[in-house]
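To keep things clear, I will list the structure first and then write my remarks on it.
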Amino acid sequence: YSSSCHGSLSIAIMPTAIQFTRLVRDLNKVHTVALLGRAADIVSFLANAEGLHLDAECNAMAAAAVQTVKPSASAGGATSITYPLAGLPFQRMHFLVLPDKATRYNCPTRPDVAAKLCGANLGATLADVEEQHVFAIVPSALPAGVTAEASGLAYASAISRAAPLYTRKQDAAATPDDATRTVTVVTADGTTVGDDAFYNALNVVGDGVRQCAALVDMPCNELHCDTFAEHAREVAASLPNVNFQEIVGEELRMLGLGGIYGVGKAAVNPPRLAMLKYTPPGASKTVALCGKGIVYDTGGLSIKGKTFMPGMKRDMGGAAGVLYAFASAVKCGFKDNLYCLLAMAENSVGPNATRPDDIHTLYSGKTVEINNTDAEGRLVLADAVAYAARHFNPDILINMCTLTGAQGISTGALHAAIVCSDEDMEQQTVAAGKACGDLAHPMMWAPELFTKEFSSAVADMKNSVANRANAQVSCAGQFIGNNLPAGFTDDHVWMHIDMAYPSHSGERATGYGVTLLTQLLALNY
């Protein structure tokens, strides 16, 4: 295998290059062509796409093959036809057939199914098939508010996450230097969707999804606080008008960032707050993105059991998501100030570990009695949002995190749970998720109902709730919100995104959040 990714952090990569392009390549040089979409749209595309070079007999054969696939509402189907080389431009044509419908809580492009179909039928690598071209066919009847471009972004995200980058398998095969999977977004009548700027955005977001997922897939012996911060530094160096700053170790304690410091002080690699700052000329608004970067979560002294600890390498999925959402927004030409704050710590066990009953002072100035060291993500994010609010005064402040198991119980495996102080932003986020495929669903924002859950006799609050049956997702988010300056949500927008379950599918990371935040910010504002 080879190494890739920004900077000095080595990521062993699965050899699949993906390129989104509006110019369809010469299909005479492509080993495999895949048509991805609903059955009726694939048949229509076959009839209209002159670039496929199919004669009437081959076209009828292909259309008949598509009609044999009967996808259910929850799963797609696939078939393929292999052509003899003599007189035909390619060897194999795949038909990846999506369900015909999606409910109002789902993305109509069905990236949940598209990713699985691509992974299962096109392969994660190009070791066996050197060249592929995919036509991603936008559904003919999109709901109001969902554009063909948004559908294309959903496809880009799904196709990208179907080919993960990270592996440490010894038999990861080498790939020819020119092997590429190219993708063009089209309509059923054969028209190519979008201009060059649109395809630039697809490539930026698609790469961001894969790079984000690669970080989340990495174990902590490779991606600890030092290497994660160095990776973020080099991402910043690759972007225009971006500066990098970090506050590390004892400096956190000296500056009053007691949440991040208290969670990470027992680890070999010190905790830190890493920040990327984008301040383009002419900016009129400010957005801050804060991510939970727990590179490994043992639970601390409130230690997790042997069945709950495996997979906790993914507890930095929120930080990875906001890092690559930040990079994608900058590359897509975001015009306003944008800050990315990564609260990094390893929740470890050792002589210096935080104990239950310890009291820490957070950056907000509030004191916290620790009653559960395994409720650590809210502590590091409390410092991050308080720091962002005080120093950057953002119009919109978003934190994203793999925070609670209750998120999966509340909104499931694919929908992140959001808690938002502003109804318009809440609705925009839900709409953006439905359009681009990174789904989100609102939870209650009601500080007057949930703040009492953290009452302490000796400190301003505890870090875990009194009643675990009382809206856990909202309560966990509220703990973070409690550390915003008084009155902040009166004239600023704050949104909490809990994406514990959407951050992964099985044993693989999904890169969740990159597409959602890019769609919400860079492509909307």
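Residue numbers start at 1 and run along the sequence shown.
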Checklist line | For H441, all residues meeting ring-ring contact (aromatic ring centres under 6.0 Å, His included), sequence neighbours excluded | finding: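 ring-ring contact (aromatic ring centres under 6.0 Å, His included) list for H441, sorted by chain: Y105.
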
What's the spacing between [X] [atom1] and [Y] [atom2] if we round to 0.5 Å?
X    : Y    : atom1 : atom2 : value
Q407 : T402 : CD    : OG1   : 10.0 Å
T192 : F198 : OG1   : CZ    : 10.5 Å
D498 : H415 : CG    : NE2   : 14.5 Å
N221 : K313 : CG    : NZ    : 10.0 Å
M309 : D315 : CE    : CG    : 12.0 Å
L239 : F326 : CG    : CZ    : 6.5 Å

Is any side-chain heavy atom of [X] closer than 4.5 Å to a side-chain heavy atom of [Y]?
X    : Y    : answer
L35  : H94  : no
I497 : L517 : yes
M400 : M499 : yes
F95  : I42  : yes
L521 : L289 : yes
V66  : T79  : no
L341 : Y339 : yes
M275 : L342 : no

Would you say the side-chain atoms of [X] pair up with the backbone N or O of [Y], donor to acceptor, closer than 3.5 Å?
X    : Y    : value
T227 : H224 : yes
Y199 : V185 : yes
N241 : T279 : no
S44  : A188 : yes
D395 : V493 : no
R110 : A73  : yes
S157 : L153 : no
T518 : V514 : yes
R181 : Q19  : no
T180 : T182 : no

Hey, are [Y] and [X] close enough side-chain-wise for a donor-acceptor pair under 3.5 Å?
X    : Y    : answer
D41  : S140 : yes
N399 : H496 : yes
S160 : R210 : no
Y166 : E222 : yes
S238 : E234 : no
R92  : T32  : no
S505 : T510 : no
D297 : N347 : yes

Next item on the list: In sequence, state the C-alpha distance, the side-chain angles, and the governing distance for L439 and N106, and then conclude on side-chain contact (heavy atoms from CB on, under 4.5 Å).
Entry: CA-CA 7 Å; L439 299 167; N106 201 356; 3.6 Å; yes

Next item on the list: Could you note down all residue pairs passing ring-ring contact (aromatic ring centres under 6.0 Å, His included) where residues 134-163 supplies at least one of them, sequence neighbours left out?
Entry: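 Found F45-F135, H133-F135.
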
On a heavy-atom basis, which atom in [X] and which in [Y] lie closest, and how many Å separate them?
X    : Y    : answer
Y512 : L414 : CE1-O, 4.3 Å
C340 : V322 : SG-O, 3.8 Å
P71  : A75  : CB-O, 3.4 Å
N203 : I18  : OD1-O, 4.2 Å
L397 : A388 : CD1-CB, 4.0 Å
V204 : C332 : CG1-SG, 4.1 Å

Next item on the list: Please step through side-chain contact (heavy atoms from CB on, under 4.5 Å) for the pair Q132 and V33, ending with a clear verdict.
Entry: CA-CA 6 Å; Q132 299 177 347; V33 172; over 6 Å; no

Next item on the list: Please identify each residue that fulfils side chain to side chain donor-acceptor pair (under 3.5 Å) with E246, with sequence neighbours left out.
Entry: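 With sequence neighbours excluded, E246 shows a side chain to side chain donor-acceptor pair (under 3.5 Å) to R233, R272, given in chain and number order.
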
Next item on the list: Could you give me the CA-CA distance, side-chain angles and deciding distance for T515 and V209, then say whether side-chain contact (heavy atoms from CB on, under 4.5 Å) is met?
Entry: CA-CA 7 Å; T515 311; V209 167; 3.5 Å; yes

Notebook entry, point to check: L96 and L122: side-chain contact (heavy atoms from CB on, under 4.5 Å), yes or no, with the steps?
Noted result: CA-CA 10 Å; L96 310 181; L122 300 185; 4.2 Å; yes

